[in-house]
Amino acid sequence: MNNQVVVEAPAKINLTLKVVAKRTDGYHELETVMQQINLCDQIFIDTADQGIIVNSNSNEIPQNKSNLAYKAAHLLCEQFAIKLGLRIYINKKIPVGAGLAGGSTDAAAVLLGINELFNLQISNQDLLELGLQIGSDVPFCILGGTAIARGRGEILTPMLPGPRLEMLLVKPPFQLSTAEIFRALRLEELSNCPDNAAFLEAWGRYDIIGITAQMKNDLEAVSIAKCPVILTIKNRLYQLGAFHSLMSGSGPSVVGFFHDRDAAVRAWQAIKDTYNESYLVTTYL
Ligand code: C5P
């Protein structure tokens with residue numbers, strides 16, 4: 001048995017996000033197209049004598065039991081009666097509290113990593129179910145690629161890869177709480193919601209105009225009301241040549257979509273001194 005694994009943990013963005021209904025269990029019924037991007041944390045998992053220890057280069061994430069990576073490790077150690085300890089190091093590159101599933105992807109990587117380290121041979125379905133116990137976005141982070149997610153986010157239909165997207169991701173210098181944004185959402189006030197059927201149809205045809213027409217996020221107006229700088233960044237990305245600009249998840253990260261890499265690089269050069277958490281990214285396959 002190896003005593004270390006290293007797992008890549010990519011961020012996700014939401015290309016569409018439709019909130020269908022409020023559920024009685026406190027969650028919302030969603031229909032959202034999720035896409036992994038090539039902005040990744042790196043997770044190192046080592047066996048140790050006993051206990052679970054989480055460390056990171058980032059002081060913005062908890063280095064204790066409340067870290068989703070810790071919760072994932074704890075869950076597997078309990079379920080599979082793992083007696084050895086684990087030392088987990090998170091090399092954090094994904095902005096925190098940003099709408100990019102940074103904590104969820106670390107948890108997904110820990111589940112996948114421990115499965116490999118101990119050769120547990122957990123089925124894909126069981127991994128997805130274990131992931132959902134940690135958080136709504138974890139199953140998608142386990143599946144990866146591009147998928148439409150329904151329910152809380154756990155009913156996943158994988159999608160074929162679409163066009164490679166050249167993006168500039170900008171994270172304003174604050175965090176938003178997903179729970180708080182969902183709490184502030186008034187479903188009856190939603191308008192201009194994404195049509196996911198039209199999105200999927202356009203995606204299958206690599207029809208960038210049709211895809212763009214449906215790249216909308218029902219949570220955007222709520223997050224902008226709390227943090228108007230999200231709108232400032234969207235407008236700036238359009239000024240800098242983006243053909244579309246969209247908030248990811250519950251925000252506050254904003255993604256600008258560009259016709260080619262050079263255009264995205266020029267925009268990044270113009271914006272990086274104002275927003276130092278700005279990243280050139282593409283779809284992760
Ligand atoms: O599942 P997770 O812990 O990541 O969700 C964080 C919070 O986001 C939930 O407590 C809930 O308030 C909100 N949420 C929601 N509907 C979803 C996913 C998350 O209302 N489908």
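Counting starts at 1 for both ligands and their atoms, in listed order. Note that the coordinates shown come from a computational prediction; the quantities given were computed from them, not determined experimentally. Note that these values count all heavy atoms, side chains included, but never hydrogens, waters or copies made by symmetry. Start at 1 with the first residue, then count along the sequence.
Phe199 is linked by a ring pair (Phe, Tyr, Trp, His ring centres under 6.0 Å) to Trp203, counting only residues two or more places apart in sequence or in another chain.
Closer than 4.0 angstrom to ligand 1 by heavy atom are Gly26, Tyr27, His28, Leu30, Gly135, Ser136, Arg152, Thr178, Ala179, Phe182, sorted by chain and number.
Asn38 places no side-chain N or O within 3.5 Å of a backbone atom of Val281 that could act as its donor or acceptor partner.
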Side chains of residues 92-103: which donor-acceptor partners sit under 3.5 Å, not counting sequence neighbours?
unit_1	atom_1	unit_2	atom_2	d
Lys92	NZ	Asp41	OD2	2.4
Lys92	NZ	Gly102	O	3.4
Lys92	NZ	Asp106	OD2	2.8

Under 3.5 Å, which donor-acceptor pairs do the side chains of residues 187-195 form with other protein atoms, sequence neighbours left out?
unit_1	atom_1	unit_2	atom_2	d
Asn192	OD1	Lys216	NZ	2.9
Asp195	OD1	Ala197	N	3.1
Asp195	OD1	Ala198	N	3.0

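A perpendicular orientation is assigned to the rings of Tyr238 and His244, their planes being inclined by more than 60° (bins at 30° and 60°).
Note: Asp273 CG to Ser278 OG = 9.0 Å, rounded to the nearest 0.5 Å.
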